[in-house]
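Encoded as structure tokens, the structure appears first; notes follow it.
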Protein chains: 2
Amino acid sequence: MQSQSPAAYIDSLRPAGSKRSSKRDLIVSVFLGQDGHLTADDLVDLIRKQDQRISRATVYRTLTWMEQAGIARKVDFGEGRFRFEHSYRHPRHFHLICKACNRSMEFLSSDIEQMIEEVAAARGFTVKQAVVQLYGLCEDCASGGRPAAPQASSESLFARDALRIAIATERSGREFYTRAASMTSNDRARTIFEQLSTSEDDHLDRLETRYQELLAEMPDLERQPQFLFFKGAASGLFSAGVEALKSVSSDKDALMIGIKCERGSHKFFKKYGEKFEDSEGKRIFLEFAEEEREHLELLIREYRVLTGKDRAGAGS
Amino acid sequence: MQSQSPAAYIDSLRPAGSKRSSKRDLIVSVFLGQDGHLTADDLVDLIRKQDQRISRATVYRTLTWMEQAGIARKVDFGEGRFRFEHSYRHPRHFHLICKACNRSMEFLSSDIEQMIEEVAAARGFTVKQAVVQLYGLCEDCASGGRPAAPQASSESLFARDALRIAIATERSGREFYTRAASMTSNDRARTIFEQLSTSEDDHLDRLETRYQELLAEMPDLERQPQFLFFKGAASGLFSAGVEALKSVSSDKDALMIGIKCERGSHKFFKKYGEKFEDSEGKRIFLEFAEEEREHLELLIREYRVLTGKDRAGAGS
DNA sequence: CTAGGTGCAAATAATTTGCAGAGGC
DNA sequence: GCCTCTGCAAATTATTTGCACCTAG
């Protein structure tokens, strides 16, 4: 399922002219073997369990090295020192930080990212890094201080949520094309809609199989909190199209609605897929974007045939 | 325009049993006289210009005191030290931080706050403080390193943007009630709509006058960047209602649309008004919320009369 | 007169740096 | 053998504390 092993990948990150070192390898592997947000000191303690002779300075230097190599990301929770988290195969994300138990949880919100882009655009600002940290009280602490459920890695959570969004989108897409096919008078258009409906159906099967596999690997996954937040995805990106279809009668209009939906979902999946670092969630998004692009082209071609026009509609 | 002078207000913040001190007064007034985000060291330098005999420790202690008194807010831009910004009459906000020139700009986004609340709710998390920091390159630095335009205080920017939102809302509200009045058959209902239309008109006048006054005080204000971001406000909170009115014929339905609009805008203005610390923008929002509440009550009463029902509609 | 407030210097805490030695290529 | 990595200790930076003195109420 993965294109190359983590070790080989990390190896490839090493800056030109730098050397392998068993100490550094140890530090990197201990770091990658841990899940939460470590301080430099936490890491020193962990590493000293395996090798007494590694100095704090080396850990600091390695941390800097990992940061530059894109393996680690420095995060500041306002404690007066930094923490480090995985960056490799780990999407960028935002944090919920409990002031009581000091744990931090991660989430991702395409909606917030969207707003951030709009603000930055309005100010002519180029965003390199976005920090969103919500400080407060977690559910456990608020309700009396439970220890905490064992939590899955955010990579799995991301894969799970990416699959959920993809599945919801396929479902609404299938509904859209089924409806469109049934209300179409033109033979060519109906064939296209039926074809697309079948395509969505096939892909839906694959996605659901993958979702079940994921659950089989980690039975706890469904009980874990939501990680990726994206409003448009709750009922699938085509659900607005399904609504719109109800008040439309011409095949041309139906095609145009389909084009808009595919364009929107292609854009969403491509944009967010590209943003993340290598991970299953990323691959799900990009694969999906590709599929939507094919559908989009098919629809546009058909629209041109139907209208005799050169270009398919304006719009964003 | 202000209920009491800053000095008197700050005086009232002094904890019980604490003494006046000219040193502290000096530090506080130097701090309040500066704009932007100062480090403790910046402040020491500034203060030493006026009095050589003030020690770093005192500045640190006063900073802590100001933080507790609500005059200053500690912000962390991940530089390994803290900066302090005004908190007194200065809304909570988010930051854009330029890595090149090290300047930081402020903005506010009700949209992002909204998303934050949704994420927190989904996770059962109680948010005490939200940090949103966008690191990157500002417009000036990206385009070749201009020094920077003199910037207005965020208090003025907030007042300006609050007025803009209020004005847009009044305008769309007036349009809504004018249309509603003209399409109403029932005499009582028409009277209500006309009355509300006039009320919006009056308030609109007052707001526009205040906006002009603000511009007169600070002619640069319109050239300053947007500070408060809120999507729903671009064309006024009633514009959806104006649209909805077009496809509705009964007076009852028109009243209900009005109720929904007033309820939504009352909620918005109240919620955000309450969030901010004392400032003109806050007062504009709260005053506005109050007006909307009155309209809302009037509409609900009328709806009850018209339908003979006990309660006015369900919904959020 | 007495509880704070203040300056000075020393303490702390996190991180960085200088330098000499160790080790991979 | 060269060049980078490493350990150790000392340096640096930001902030806090201890303590003797000062001052407003």
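In what follows, chains carry the letters A, B, and so on, assigned in the order in which the sequence lines appear, proteins first and then strands, with residues in each chain numbered from 1.
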> dT15(D), dA9(C), dT17(C): which one has an atom nearest the side-chain heavy atoms of Arg61(A)?
Replying inline: dT17(C)
>> By nearest atom, which of the nucleotides dC8(C), dT15(C), dT15(D) is closest to the Arg56(A) side chain?
In response: dT15(C)
>> Just the rounded figure in Å: distance from C1' of dC5(D) to CG of Asp25(A).
In response: 12 Å
>> We want to know whether Ser154(B) and Glu106(B) form a side-chain donor-acceptor pair, criterion being a heavy-atom distance below 3.5 angstrom.
In response: yes
> With respect to the phosphate group of dT15(C), does any side-chain polar atom (N or O) of Arg81(A) fall under 4.0 Å of OP1 or OP2?
Replying inline: no
> Would you find more than 12 non-hydrogen atoms of other residues, nucleotides or ligands less than 6.0 Å from Lys270(B) atom NZ?
Replying inline: no
>> With ring-ring contact (aromatic ring centres under 6.0 Å, His included) as the criterion, how do Phe77(A) and His37(A) come out once you've worked through the C-alpha distance, each side chain's angles and the decisive distance to 0.1 Å?
In response: CA-CA 10 Å; Phe77(A) 293 162; His37(A) 301 90; 5.5 Å; yes
>> Checking contacts here: which listed nucleotide (dG7(D), dC8(C), dA14(C)) is nearest the side-chain heavy atoms of Tyr60(A)?
In response: dA14(C)
> Given atom CD of Gln52(B) and atom C1' of dG7(C), what is their separation to the nearest angstrom?
Replying inline: 14 Å
>> Tell me the interatomic distance from Leu63(B), atom CG, to dT16(D), atom C1', rounded to whole angstroms.
In response: 13 Å
>> Whole angstroms only, please: what is the CZ-P distance between Phe77(A) and dA14(C)?
In response: 17 Å
>> I want to verify a distance call: between dG5(C), dT15(C), dT15(D), whose nearest atom is closest to the Phe82(B) side chain?
In response: dT15(D)
> Does the ring centre of Phe94(B) sit less than 6.0 Å away from the ring centre of Phe107(B)?
Replying inline: yes
>> Rounded to whole Å, how long is the line connecting atom CZ of Arg48(A) with atom P of dG7(D)?
In response: 8 Å
> So, is Thr58(B) close to the dT6(C) phosphate, meaning a side-chain N or O under 4.0 Å from OP1 or OP2?
Replying inline: no
> Using a cut-off of 4.0 Å on non-hydrogen atoms, how would the nucleic acid contact of Arg53(B) be classed: base, sugar-phosphate, or nothing?
Replying inline: sugar-phosphate
> Counting only side-chain N and O atoms of Lys23(A), is one of them less than 4.0 Å from OP1 or OP2 of dG7(D)?
Replying inline: yes
> What's the CG-P distance between Asp76(A) and dA14(C), to the nearest Å?
Replying inline: 13 Å
>> Rounded to whole Å, how long is the line connecting atom CD of Glu79(B) with atom P of dT12(D)?
In response: 21 Å
>> What is the separation between atom CG on Asp41(B) and atom C1' on dT13(D), rounded to the nearest whole Å?
In response: 9 Å
> Below 6.0 angstrom between ring centroids: does that apply to Phe158(B) and Phe276(B)?
Replying inline: yes
